[in-house]
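Just below is one structure, and these are the notes that go with it.
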Amino acid sequence: MSSLNAITTERLLLNAPAFDDAKAIFETYASDPAVTTYVGWPRHRNIDDTIAFIEFANAEWSRSSIGPYLVRDRKDGTLLGSTGISCTGKGDAMTGYVLAEANWGKGFATEVVHAMIAVARQLDLLTLFALCHPAHSASCRVLEKTGFRLDSTWSETITFPNLVGGQSIVPVCYRQSLSR
């Protein structure tokens with residue numbers, strides 16, 4: 001693993017988004033209804049939504065030296081999706097990921113989550129957590145496979161804006177202790 005702003009894994013390169021990435025982000029995953037069904041952010045309706053995401057990412061990186069990453073194929077730089085870490089305070093941080101549908105079932109999600117765990121450890125965080133819609137069993141399996149455990153104490157409601165009616169529910173929370 002390299003510095004926090006450019007991370008390499010066996011097959012992936014993770015780096016902060018740039019404005020030049022807007023078209024690829026929009027077309028690859030952010031506007032795709034199948035991909036964005038269970039994410040906690042609204043599907044991008046136009047390129048301006050994607051530019052707003054990049055502005056948000058830049059602000060996060062400026063504020064806390066960590067933020068959203070784009071996930072690329074290490075061999076050819078093809079955009080596969082995104083991930084990131086958001087520090088919530090007191091040694092706690094949240095992670096998540098989204099991959100273009102063409103990249104599902106290839107082990108990329110597992111590799112991405114392992115990379116975020118490594119970053120969290122580099123940051124000396126105490127715990128890392130992820131929220132998941134209860135119906136999104138594939139993501140639940142990825143989190144379990146990467147060492148996250150169900151946190152049954154989570155009780156906050158969140159809205160999944162891309163589901164019919166923008167469902168507000170208590171998501172499934174998975175948490176991993178990072179103590180060494």
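For clarity, every value in this text was computed on a predicted model and none was experimentally measured.
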**Asked** What are the two closest non-hydrogen atoms of P134 and I169, and how far apart are they?
**Response** CD-CD1, 3.4 Å
**Request:** Under the side chain to side chain contact (heavy atoms under 4.5 Å, CB included) rule, what do L125 and C87 come out as? Steps first, then yes or no, please.
**Result:** CA-CA 9 Å; L125 294 170; C87 293; 4.3 Å; yes
**Asked** Hey, what do you get for CZ (R43) to OH (Y29), rounding to the nearest 0.5 Å?
**Response** 14.0 Å
**Message:** For L4 and Q122: C-alpha separation, side-chain torsions, deciding distance, then whether side chain to side chain contact (heavy atoms under 4.5 Å, CB included) applies.
**Reply:** CA-CA 8 Å; L4 291 180; Q122 245 183 301; 3.6 Å; yes
**Prompt:** Are any side-chain N or O atoms of T28 and backbone N or O atoms of I25, one a donor and one an acceptor, separated by less than 3.5 Å?
**Reply:** no
**Asked** Is any side-chain heavy atom of V35 less than 4.5 Å from a side-chain heavy atom of L99?
**Response** no
**Asked** Are F19 and L79 connected in the hydrophobic side-chain network, where two residues link if heavy atoms are under 4.5 Å apart?
**Response** yes
**Asked** If only atom types and distance count, is the side chain of R11 paired as donor or acceptor with the main-chain N or O of G107 below 3.5 Å?
**Response** yes
**Prompt:** Hey, what do you get for CG (D73) to CG (L12), rounding to the nearest 0.5 Å?
**Reply:** 7.0 Å
**Item:** Set of ring-ring contact (aromatic ring centres under 6.0 Å, His included) partners for F53, sequence neighbours left out
**Value:** none
**Prompt:** If you take all heavy atoms of P17 and P68, which pair is closest and at what distance?
**Reply:** CD-O, 3.3 Å
**Prompt:** Minimum heavy-atom separation for Y69 to A16, with atom names?
**Reply:** CD2-N, 4.3 Å
**Request:** Report the distance from atom SG of C173 to atom CG of L150, rounding to the nearest 0.5 Å.
**Result:** 8.0 Å
**Request:** Tell me, please, which residues at least two apart from T153 pass side-chain hydrogen bond (donor to acceptor under 3.5 Å, both in side chains).
**Result:** D151
**Message:** Rounded at 0.5 Å granularity, tell me how far CD1 in I85 sits from CD in E60.
**Reply:** 12.0 Å
**Heavy-atom donor-acceptor pair, Q176 side chain to I117 backbone, under 3.5 Å** = no
**Prompt:** Can you hop from L131 to L143 via hydrophobic side chains spaced under 4.5 Å?
**Reply:** no
**Message:** Quick test of your reading of the model: are D21 and R72 salt-bridged, counting only N-O distances below 4.0 Å?
**Reply:** yes
**Prompt:** Could you go step by step and tell me if Y38 and C132 meet the side chain to side chain contact (heavy atoms under 4.5 Å, CB included) rule?
**Reply:** CA-CA 8 Å; Y38 293 118; C132 214; over 6 Å; no
**Prompt:** Side-chain contact, heavy-atom cut-off 4.5 Å: T8 with L13?
**Reply:** yes
**Message:** Which residues pass the salt bridge (charged side-chain N to carboxylate O under 4.0 Å, His left out) test with E55, not counting sequence neighbours?
**Reply:** none
**Heavy-atom pair with the smallest gap, counting every atom of R175 and D92** = NH1-OD1, 3.1 Å
**Request:** Answer yes if L14 and M94 sit in the same cluster of Ile, Leu, Val, Met, Phe, Trp and Tyr residues linked by side chain heavy atoms under 4.5 Å apart, and no otherwise.
**Result:** no
**Request:** Using modelled atom types only, decide if a donor and an acceptor are shared between the side chain of S64 and the backbone of I66 within a distance under 3.5 Å.
**Result:** yes
**Prompt:** Closest heavy-atom contact between S177 and T127?
**Reply:** CA-CG2, 4.1 Å
**Fill in**
The ring-ring contact (aromatic ring centres under 6.0 Å, His included) partners of W41 (sequence neighbours excluded) come to H44
**Request:** Any ring-ring contact (aromatic ring centres under 6.0 Å, His included) involving residues 149-169? Give me the pairs, sequence neighbours left out, ordered by first then second residue.
**Result:** F129-W154, H133-F160
**Message:** For residues I158 and V172: do they belong to one hydrophobic cluster (side chain heavy atoms under 4.5 Å, members Ile, Leu, Val, Met, Phe, Trp, Tyr)?
**Reply:** no
**Prompt:** Tell me, which pairs form a side chain to side chain donor-acceptor pair (under 3.5 Å) where one or both residues lie in residues 95-105, sequence neighbours left out?
**Reply:** Y97-S139
**Prompt:** How long is the span from the CG atom in L126 to the CG atom in L128, to the nearest 0.5 Å?
**Reply:** 11.0 Å
**Item:** Cluster link I51 to W61, ILVMFWY, side chain under 4.5 Å
**Value:** yes
**Item:** Nearest heavy-atom neighbours spanning N162 and T37
**Value:** CB-O, 3.9 Å
**Request:** Applying salt bridge (Lys or Arg N to Asp or Glu O under 4.0 Å), run through E144 and R141 and close with a yes or a no.
**Result:** CA-CA 5 Å; E144 291 167 356; R141 279 192 306 277; over 6 Å; no
**Request:** Please round to the nearest 0.5 Å and tell me the distance separating atom NE2 of H114 and atom CD of E10.
**Result:** 11.5 Å
